[in-house]
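First the proteins, then the strands, lettered A, B, ... as listed; each starts at 1.
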Amino acid sequence: MRALWRYLVAAVVLLLGRGRRPPRVERAERIVPAGEPSPRAELLVLALFGATAACAVAFVVVYAVESIPHQTQFLGLSLGVAFAFLAAALIVIAYRLVVTEELEEDYPVPAHPAEQEALGQLVEESGDRMTRKRLLLVGGGAAGAALGAALVTPALSLGPAFEIAPFFRTPWRRGVRLVDEDGRPLHAHDVLEETFYTAYPEGADREQLGAPIVVVRLRPAELHLPAGRDGWAPHGIVAYSKICTHAGCAVALYRKPTFPTVEPRPALVCPCHYSTFDPARGAKVLFGPAGRPLPQLPLFVGPSGELRAAGNLSGPVGPAWWGVRNRRPS
Amino acid sequence: MIRSTVRFLDERSGGAPFLRKALRYVFPDHWSFLLGEVALYAFVVLVGTGIYLTLFFDPSTATTHYHGEYQPLHGLEMTHAYRSVVDISFKVKAGLLIRQTHHWAADVFVVAIVLHLLRIFFTGAFRKPRDLTYYLGLTMLALALLEGYLGYSLADDLLSGMGLAIGYSVLMSVPFVGANLAELVWGGPFPGTPAFWSRMYVAHVFLFPLLIATLLGAHLLLVAARHHTQFRGPRKTERKVVGVPTFPGQTPRSLGLMSAVTAVLFLLGGLVQINPIWLWGPYHVASGTNGAQPDWYLGWLIGALRLVPGFDVTIGHYTLVPNPFWGGALFPLVVFGFLWAFPWLERRFTGDHAFHNLLDRPRDAPWRTAIGAALFTWVALIFLAGSADRVFVTFFVSYGWQILFFRIAVWVVPVVVLLVTRRVCLELQVSERVERERRLAEEEARRAAAPEPVR
């Protein structure tokens with residue numbers, strides 16, 4: 001038993017010792033040139049590493065201790081400064097501890113003409129057995145194109161690509177009541193001059209471009225609506241689509257004439273690109289990039305003084321597209 | 001330890017000769033060569049912080065009523081997308097730091113790419129054999145702009161909603177097929193179906209990052225295959241590149257730069273507020289706010305959209321070119337198209353088909369420098385026009401007059417810049433030549449005055 005144990009130990013020692021102490025190769029000449037040691041720089045790098053670690057620990061502490069105020073600021077500060085110390089340490093290493101060499105190297109050869117020739121030859125010779133190369137190419141191309149088209153076809157499921165009716169749809173119909181943000185009906189006497197109101201069709205989805213409208217009251221004498229819109233503005237109250245005809249933002253600003261000599265008329269303004277519309281003239285574009293007036297909603301006042309739509313909007317809402325002038329909204 | 005690791009790797013990959021070459025690959029030294037690296041490191045931070053954010057973000061347009069930590073929003077109706085971003089900001093520990101760092105990193109990423117592009121352009125580094133590298137870089141810039149836009153649109157706050165409405169309108173404005181494209185992307189008219197949010201999400205966190213990373217890999221491979229360019233200098237020729245080797249010289253420098261970029265981004269993310277979406281509130285189709293500005297890298301597009309006078313090109317009842325097309329689609333296409341075509345244009349007009357490893361200084365190529373400066377001025381002026389509303393609020397300069405000024409200036413000033421820049425380059429060349437000749441003459445005079453050496 002004892003002998004067996006000794007054999008085992010000997011075997012293990014031999015096995016472990018195998019291959020150890022390789023014959024010492026005579027060191028060839030240095031690859032990286034030698035340089036003077038720089039104990040001060042080493043000390044500096046050590047200090048910077050220490051500072052990095054301290055800041056990293058501070059980050060963990062700030063994260064863990066709930067009672068520390070301004071978490072985001074201290075977390076960012078500790079982590080940022082930790083990385084800054086690390087950057088400093090690495091830069092000291094780069095410029096003070098590592099030998100700065102200036103090496104020369106050949107740029108790669110610009111081109112390999114022989115290889116290019118061989119490649120061309122290789123491809124050409126590979127097709128030598130084919131006699132009707134062009135026909136085969138056309139055939140292969142056609143097959144590839146058809147297959148490509150087939151593979152792309154399911155992308156049409158992304159949306160109703162050829163249906164244009166949805167662009168003309170709005171929730172406005174004759175008799176639909178105007179309600180405010182909280183769903184309360186808007187009454188004619190609620191609508192004051194020199195300010196504007198946002199209204200929606202009662203009971204409709206508000207997150208569609210056709211839904212929101214702006215309502216303003218102007219003096220009836222100042223109104224110059226386009227022909228055919230008589231009676232659309234009871235008591236001088238006009239309503240337009242709130243969605244800008246330029247780029248679909250909400251027309252969320254009302255410029256009332258604070259300085260009447262400079263800005264004589266009130267205007268509806270879109271805050272995205274400052275398209276400016278004249279509510280007294282059918283929301284004609286006064287300024288800015290919009291290419292169409294805002295569609296107008298004809299109004300009438302119901303029996304209890306509430307405002308109601310007298311029909312659909314005068315045109316399609318929102319940004320222009322190829323068919324936007326083709327039809328009236330439905 | 002080192003030897004055994006090397007042995008392990010070499011015996012399994014056979015990579016020792018390659019690795020040895022890679023470690024002694026030469027990097028020419030100039031501060032402006034680091035701009036691309038800054039972009040690379042910002043991308044690394046973007047991926048890291050981005051992965052963290054996906055663990056908390058909920059890309060859903062289903063609505064909810066908010067009852068979280070931020071009191072002013074209590075009871076408001078909002079989408080889960082917006083709610084989850086508010087939660088990342090207030091509920092998730094370190095969430096706001098990571099979110100703001102992500103946003104800052106996106107802004108820095110694009111700054112670095114643009115500066116890198118300017119350096120490449122004005123030094124002629126895009127010439128053969130590096131034109132392919134340049135095209136990949138330009139494509140990555142375009143992808144980065146879209147990726148950033150998708151990223152801040154996901155939050156579904158008021159500003160991002162307005163931005164999406166504009167993006168939708170620009171797509172709608174594409175002649176002939178715009179409405180069909182928009183319907184495909186959004187799944188119907190704006191604001192689209194709930195599927196639209198998943199589409200944006202997968203594009204932002206998977207498709208675009210994957211595309212950018214792939215192009216980035218190809219970009220770096222091509223850089224390494226053709227080596228870096230260098231400025232003229234002693235021993236630096238078209239055939240010999242001079243500089244610091246990857247290891248040991250360049251490695252700590254690059255790691256140091258990476259740490260520095262990361263440091264700046266985390267400091268910005270922690271200390272400088274960016275996009276406080278809880279102040280903007282949730283988006284609804286009917287809401288908008290004044291002073292709406294996108295992230296800086298889309299400022300040139302909002303400027304262009306604002307500058308175009310109000311008209312749609314129509315034929316009868318058919319709307320051929322809706323207005324947002326000019327500023328939102330054609331303008332960036334022209335700028336990118338020109339930058340894409342420039343290496344070819346330059347070869348065409350100068351007849352220079354040679355290989356170039358040495359860089360030009362801007363003055364060495366007056367036409368290129370002049371054209372680049374003019375193009376930059378054009379884009380910069382349109383960018384400035386995009387901030388005219390802020391100038392109005394801050395300095396009370398009439399918005400209308402500013403727009404009128406910019407509508408003229410964007411066509412006049414670039415031409416002036418073109419001519420002046422070219423002239424300055426030529427003058428610099430002349431003054432250099434004069435200086436050189438003067439020095440040669442002086443030397444000759446000195447040599448003539450000195451007594452002949454006695455043999």
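- Contacts with chain B were tallied for A:Leu75, A:Leu97, A:Val285; A:Leu75 has the most, counting heavy-atom pairs under 4.5 Å.
- Interface summary for chain B: among A:Pro160, A:Pro166, A:Ala111, the most heavy-atom pairs under 4.5 angstrom belong to A:Pro160.
- Of the atoms belonging to A:Phe74, not a single heavy atom falls under 4.5 Å from chain B.
- The closest side-chain heavy-atom distance from B:Arg253 to A:Ile91 is not below 4.5 Å.
- Counting non-hydrogen atoms of neighbouring residues, nucleotides and ligands closer than 6.0 angstrom, the OH atom of B:Tyr25 exceeds 12 such neighbours.
- Among pairs with a residue in residues 84-96 of chain A, none fulfils salt bridge (charged side-chain N to carboxylate O under 4.0 Å, His left out), at least two apart in sequence or across chains.
- Contacts with chain B (heavy atom to heavy atom, under 4.5 Å) involve these residues of residues 101-108 of chain A, listed by number: A:Glu101, A:Glu102, A:Leu103, A:Glu104, A:Glu105, A:Asp106, A:Tyr107, A:Pro108.
- Contacts between A:Ala199 and chain B at a heavy-atom distance below 4.5 Å are absent for every atom of the residue.
- Rounding to the nearest 0.5 Å places CG of A:Leu158 at 12.5 Å from CH2 of B:Trp186.
- Here A:Ala290 is the residue among A:Gly323, A:Gly318, A:Ala290 with the most heavy-atom pairs under 4.5 Å with chain B.
- With contacts defined as side-chain heavy-atom distances shorter than 4.5 Å, the pair A:Cys272/B:Ile166 qualifies.
- Of all the heavy atoms in B:Leu271 and A:Gln73, the pair that sits closest is CD2-O, 3.7 Å.
- Interface summary for chain B: among A:Val324, A:Leu209, A:Leu77, the most heavy-atom pairs under 4.5 angstrom belong to A:Leu209.
- The choice from B:His228, B:Met258, B:Gln293, B:Gln250 that makes the most heavy-atom pairs within less than 4.5 Å of chain A is B:His228.
- No more than 12 heavy atoms of other residues, nucleotides or ligands shown are found within 6.0 angstrom of NE2 on B:His317.
- With a 4.5 Å cut-off on non-hydrogen atoms, B:Ile302 touches chain A through its backbone and its side chain both.
- Ring orientation note: the planes of A:Trp322 and B:Tyr318 are close to parallel, at an angle under 30° on the 30°/60° scale.
- Put simply, of B:Pro324, B:Gly95, B:Gly249, the one with the most heavy-atom pairs under 4.5 Å next to chain A is B:Pro324.
- The shortest distance between side-chain heavy atoms of B:Phe90 and A:Thr72 does not fall below 4.5 Å.
- For A:Thr100, the part sitting under 4.5 Å from any heavy atom of chain B is the side chain, from C-beta outward, and nothing else.
- Nearest heavy-atom pair, A:Gly248 versus B:Ala165, reported as atom, atom and distance to 0.1 Å: O-CB, 3.6 Å.
- Between B:Ser259 and A:Leu90, the closest heavy-atom pair is OG-CD1, 3.6 Å.
- Of the atoms belonging to A:Ala94, heavy atoms from both backbone and side chain fall under 4.5 Å from chain B.
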Could you pull out all donor-acceptor pairs under 3.5 Å where a side-chain atom in residues 81-88 of chain A meets a protein atom, sequence neighbours excluded?
none

Would you sort out whether B:Leu97 and A:Phe59 count as a side chain to side chain contact (heavy atoms under 4.5 Å, CB included), showing the intermediate values?
CA-CA 12 Å; B:Leu97 171 70; A:Phe59 177 83; 4.0 Å; yes
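- When all heavy atoms of B:Arg306 and A:Pro271 are compared, the closest pair comes out as NH2-O, 3.8 Å.
- For residues 58-74 of chain A, the set of pairs meeting the salt bridge (charged side-chain N to carboxylate O under 4.0 Å, His left out) definition, not counting sequence neighbours, comprises A:Glu66-B:Lys93.
- Taking each heavy atom of A:Ala320 and B:Asp312 in turn, the nearest pair found is CB-OD2, 3.5 Å.
- Of all heavy-atom pairs between B:Ala179 and A:Trp321, the closest is CB-CE3, 3.4 Å.
- Heavy atoms of A:Ile31 lying under 4.5 Å from chain B belong to its backbone as well as its side chain.
- Among B:Leu265, B:Ile98, B:Thr262, the residue with the largest count of heavy-atom pairs under 4.5 Å with chain A is B:Thr262.
- Highest contact tally toward chain B, considering only A:Val214, A:Val109, A:Thr245, A:Val98, is held by A:Val98 [criterion: heavy-atom pairs under 4.5 Å].
- For A:Gln208, the part lying near chain B is the backbone, with the side chain staying farther off; criterion is any non-hydrogen pair under 4.5 Å.
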Before you tell me yes or no, could you show the steps for B:Ile403 and A:Tyr274 under side chain to side chain contact (heavy atoms under 4.5 Å, CB included), namely the whole-Å CA-CA distance, both residues' side-chain angles and the distance that decides it to 0.1 Å?
CA-CA 10 Å; B:Ile403 292 301; A:Tyr274 298 99; over 6 Å; no
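- Other residues, nucleotides and ligands contribute more than 12 heavy atoms inside 6.0 Å of the NZ atom of B:Lys236.
- The side-chain tip of A:Arg292 does not point at the ring of B:Phe311 from less than 6.0 angstrom away and within 45° of straight on.
- Between chain A and the options B:Ser254, B:Pro309, B:Gly163, B:Pro248, the largest number of non-hydrogen pairs under 4.5 Å is found for B:Pro248.
- No other option in B:Val308, B:Leu307, B:Asn357 has as many heavy-atom pairs under 4.5 Å with chain A as B:Asn357.
- Looking at A:Leu253, the atoms closer than 4.5 Å to chain B (heavy atoms on both sides) all sit in the side chain, from C-beta outward.
- A heavy-atom distance below 4.5 Å is found between the side chains of B:Glu183 and A:Glu163.
- In this structure, the portions of A:Tyr63 lying under 4.5 Å from any heavy atom of chain B include both its backbone and its side chain.
- In B:Arg20, the CZ atom is not crowded: 12 or fewer heavy atoms of neighbouring residues, nucleotides or ligands sit closer than 6.0 Å.
- Most heavy-atom pairs under 4.5 Å with chain B, from the set A:Ser78, A:Pro212, A:Ser275, A:Cys270: that is A:Pro212.
- Among B:Asn180, B:Leu257, B:Val241, B:Leu267, the residue with the largest count of heavy-atom pairs under 4.5 Å with chain A is B:Val241.
- Residue contact with chain B, scored on non-hydrogen atoms closer than 4.5 Å, is absent for A:Arg327.
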